[in-house]
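Taking it in order: structure first as structure tokens, then the write-up.
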2 protein chains.
Amino acid sequence: MKRRQSTITDIAKNLKIAPSTVSRALKDSPSISKDTKEAVNRVAKELNYKPNMLAVSLLNKETKIIGVMVPEITSYFFATIINGIQDLLDEAGYKLIICQSNESYEEEQKLIDTLSLSQVDGLLVSPASKTSDFSHFENFRAAGMPVVIFDRDCPDFEADKVLVDDYDGALQAVSYLLASGCRRIAHIAGPQNLTTCQHRKQGYLDALTSFEGATLEPLIVEVEGFTSDFGEQGMEHLLEQGDYPDAIFAINDAVAIGAMAIIRKKDLKIPDDISVVGFDDEPYSQYFHPSLTTVWQPVYDLGVLSARLLLKQLRQTSEVSPISYRFELLKPELILRDSSKKIPMD
Amino acid sequence: MKRRQSTITDIAKNLKIAPSTVSRALKDSPSISKDTKEAVNRVAKELNYKPNMLAVSLLNKETKIIGVMVPEITSYFFATIINGIQDLLDEAGYKLIICQSNESYEEEQKLIDTLSLSQVDGLLVSPASKTSDFSHFENFRAAGMPVVIFDRDCPDFEADKVLVDDYDGALQAVSYLLASGCRRIAHIAGPQNLTTCQHRKQGYLDALTSFEGATLEPLIVEVEGFTSDFGEQGMEHLLEQGDYPDAIFAINDAVAIGAMAIIRKKDLKIPDDISVVGFDDEPYSQYFHPSLTTVWQPVYDLGVLSARLLLKQLRQTSEVSPISYRFELLKPELILRDSSKKIPMD
DNA sequence: CTGTTAGCGCCTTCAG
DNA sequence: CTGAAGGCGCTAACAG
């Protein structure tokens, strides 16, 4: 039972008229008589006619499909960004092909190639953490298709970008920890080839050095991933070094959660012995015990905005590509919960 | 700068040979001389030639794209199923278009229609909770494209199906609670138009009635969704009725987490006053305090298996559609953690 | 108002 | 070994 759909020609034959007439009738063109239109629509329904987008796309040179490349979709973070993207692009009549690089440069390259062959109309990318060469993005764009980068920056690659002010988020978090009385604040940092992680670390460092009253030593352990087991590892490292920290600023919530598990195992109290702050505000974070203080990011909006920028490029029909790219930096927000201490009143 | 890619014809003109020769040379056909092949490949590289899959698809009547329809992707559960699907389908050279119905029947219908127009080669569906009429699946399949249903059953719609034995999972969970000494076990049930939720409820009921020694009254509250706030709502309902339960079997982990928050708010101890068991084993569940006893499902495998069945159908080139469909029922597994009591030894 | 022609990019006959 | 012709399903331009 090979796929056999009825075509415009089938309708035309059935009615003994020209295919072009059928085509026009179906689009309700004003230059077609009521009678033929009715007849065409009737037969179309009878034959269960469905237009073949492939043929249309080939003709129009546009597929109305957008490629979305993320490191992974199992995290709430990227899944929610995708929701934002989808909601906006749906309205504009675009479909999405979602690809996961699994943080691998090779896979990312391969997938972008496939997307390119599939003639997607544009690309939204959050690059893999292992990606440092961006020629595959350049190649993609060279074919005349717009690209928007979101969440993770690619230095050296000029494009529309929508990022979160990670530096500011870290600054807020660590400044708060300082204000709440913590003085030995450790940072469980993420992979430093990601600007996101660099910026959070820098925010942490700058908060420490700008603190008046004492010289605070940074205390950093770097982990390679974003899941809770890395949080456990990182925390164990920190505790092995003796001289416990009195606060942890973790690269994200999952890592913070892992750290909390280790802290609890040592019978230390959160936040009394050690405060913990995460990043992301995942839906579960408020349900932990104690509930997790964290830095919220406008995730959904990040998706919407990225999609909006892409649409804008898409609509600059032909036109010379804009020399200046847009750069959006969204503001994160510290959410205070019970894993951090209150600021003393005195 | 409208998209302008070089075509086979461009190469042909450049070399003053026929397009068909170029086509053959590019596919390394044995009936082409070494010299022309080399020349063609050289020019192809020069012009940065990329085959246009659209044209190929139109000709072959296959796009190598599979549609995947899930209620939502922000949950770990569906995201992981998708990973399974993708890993298998990638190998076979298929791309995925992922769609979210947001549990809405209308959106589901609309999206399946779009997928159909886009000429996807097949469809993997986990239907929306509001879906009870399956004619849109039938229509899709009527065009000769294979369909596989996963995770959520559609009674009345015959197809290859890969499901989890929810009944058994519930039975395991509630039997354990009974064995651990609980006698007043409540169930926070999910939307009853989903067979998944029906089966879990039935497993709960049957565990109660098959208990020897006392007649146990079921205690059920039904919620409309799968997020933690529904868990909070459900738990509040239960506690309002006075005569507190000594265990909660929640429809899933997120709901269980919400319930735990309310229990804690009432200063009741988990598991001493009330045991809690969830369903899904989300990655965070082991990090809750107390860690959550739950029913694990072979999520990734569910994706892989579904994809495998679809591939099998895809490979039955043409052939009459199989009269008998496959039905796979995967076994879940109870994971014991600290939110439930140990079975007394005596 | 309708039909004819041509072509999107590619491949597969059929003829040399 | 290579070229010419035809067609996948659809639409736009040009004729009536």
Side-chain angles (χ1 to χ4, degrees), chain A residues 2-41 43-44 47-65 116-121 143-144 318, chain B residues 2-41 43-44 47-65 116-121 143-144 318:
Chain A
K2 196 65 186 177
R3 199 183 306 169
R4 170 59 194 162
Q5 295 173 229
S6 40
T7 73
I8 271 193
T9 323
D10 294 332
I11 303 180
K13 275 184 189 146
N14 190 301
L15 289 168
K16 300 192 192 359
I17 57 178
S20 54
T21 308
V22 176
S23 171
R24 283 180 284 230
L26 288 171
K27 338 195 72 165
D28 202 27
S29 148
S31 65
I32 293 286
S33 76
K34 221 175 191 173
D35 291 353
T36 26
K37 273 182 196 168
E38 274 166 15
V40 166
N41 283 317
V43 178
L47 300 182
N48 189 29
Y49 167 79
K50 296 274 158 62
N52 185 331
M53 296 312 278
L54 245 39
V56 179
S57 296
L58 183 58
L59 215 50
N60 296 343
K61 292 174 179 312
E62 66 165 5
T63 53
K64 289 284 184 179
I65 298 181
S116 180
L117 296 188
S118 300
Q119 312 290 123
V120 296
D121 290 344
S318 47
Chain B
K2 195 65 184 177
R3 199 185 308 170
R4 169 62 193 161
Q5 295 172 232
S6 40
T7 73
I8 271 192
T9 323
D10 293 331
I11 303 181
K13 275 183 189 146
N14 189 302
L15 288 169
K16 297 194 195 356
I17 59 179
S20 52
T21 308
V22 177
S23 171
R24 282 182 283 233
L26 287 171
K27 337 195 74 163
D28 201 28
S29 151
S31 64
I32 293 287
S33 75
K34 223 175 188 173
D35 292 351
T36 26
K37 273 183 196 170
E38 274 166 15
V40 166
N41 283 318
V43 177
L47 300 182
N48 189 30
Y49 168 79
K50 296 274 156 62
N52 184 331
M53 295 312 277
L54 245 38
V56 179
S57 296
L58 182 58
L59 215 50
N60 295 343
K61 289 174 181 311
E62 66 164 5
T63 51
K64 290 282 185 181
I65 298 181
S116 180
L117 297 188
S118 301
Q119 311 291 120
V120 296
D121 290 343
S318 46

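Convention: sequence-line order gives letters A, B, ...; per-chain numbering from 1. Below, all heavy atoms of this structure are taken into account, side chains as well, without hydrogens, waters or symmetry copies.
- Looking at A/I32 and A/T21, their side chains come closer than 4.5 Å, going by heavy atoms from C-beta outward.
- Using a 4.0 Å heavy-atom cutoff across all strands shown, A/S33 reaches sugar-phosphate atoms only and no base atom.
- Annotation: side chain of A/V22 is not in contact with side chain of A/T9 (no heavy-atom distance under 4.5 Å).
- The closest side-chain heavy-atom distance from A/Q5 to B/Q119 is below 4.5 Å.
- The shortest distance between the side-chain N/O atoms of B/T36 and the OP1/OP2 oxygens of D/dT2 is below 4.0 Å.
- Looking at heavy-atom distances under 4.0 Å, B/L59 makes contact with a base.
- Under 4.0 angstrom from either OP1 or OP2 of C/dG9 there lies at least one side-chain N or O belonging to A/K61.
- With C/dG3, D/dC8, D/dT2 as the candidates, the nucleotide lying closest to the side chain of B/L58 is D/dC8.
- The side chain of B/S23 places no N or O atom within less than 4.0 Å of a non-bridging phosphate oxygen (OP1 or OP2) of C/dC10.
- Spacing between atom CG of A/L47 and atom P of D/dG9 amounts to 14 Å, rounded to whole angstrom units.
- Between the side chain of B/S20 and the base of D/dA5, no donor-acceptor pair of N or O atoms lies under 3.5 Å.
- Distance CD1 (A/I32) to P (D/dA12): 13 Å, rounded to an integer number of Å.
- Side-chain contact of B/S23 with B/S20: a donor-acceptor pair under 3.5 Å is absent, judged by distance alone.
- The side chain of B/R24 has D/dA4 as its nearest neighbour among D/dA4, C/dT4, D/dT11.
- Using a 4.0 Å heavy-atom criterion, one finds that A/P51 contacts the sugar-phosphate atoms exclusively.
- A/S31 comes within contact range of at least one nucleobase, with a heavy-atom separation under 4.0 Å.
- The separation between B/K13 atom NZ and C/dG9 atom P is 10 Å, rounded to whole Å.
- Atom NZ in B/K27 sits roughly 17 Å away from atom P in C/dG9 (whole-Å rounding).
- A close approach under 4.0 Å does occur between a side-chain nitrogen or oxygen of A/T21 and OP1 or OP2 of C/dG3.
- Backbone-only contact: A/I17 has heavy atoms under 4.0 Å from sugar-phosphate atoms and none from a base.
- Counting heavy atoms from C-beta outward, B/N52 and B/T7 have side chains that stay 4.5 Å or more apart.
- Sequence order on DNA chain D of the closest nucleotides to B/A18 and A/S6 puts B/A18 first from the 5' end.
- One atom, CG of B/L54, and another, P of C/dC8, lie 14 Å apart when rounded to the nearest Å.
- For A/D121 and A/K64, the salt-bridge test fails: no basic side-chain N is under 4.0 Å from an acidic carboxylate O.
- Rounded to whole angstrom, the span from the CD atom of B/Q5 across to the C1' atom of C/dC10 amounts to 14 Å.
- Proximity note for A/A55 (side chain, C-beta onward) versus C/dT12, D/dC10, C/dG3: the nearest is D/dC10.
- The interatomic distance linking B/L26 (CG) with D/dT2 (C1') rounds to 15 Å, in whole Å.
- Going from atom CG of A/N60 over to atom P of C/dG9 covers 12 Å, rounded to whole Å.
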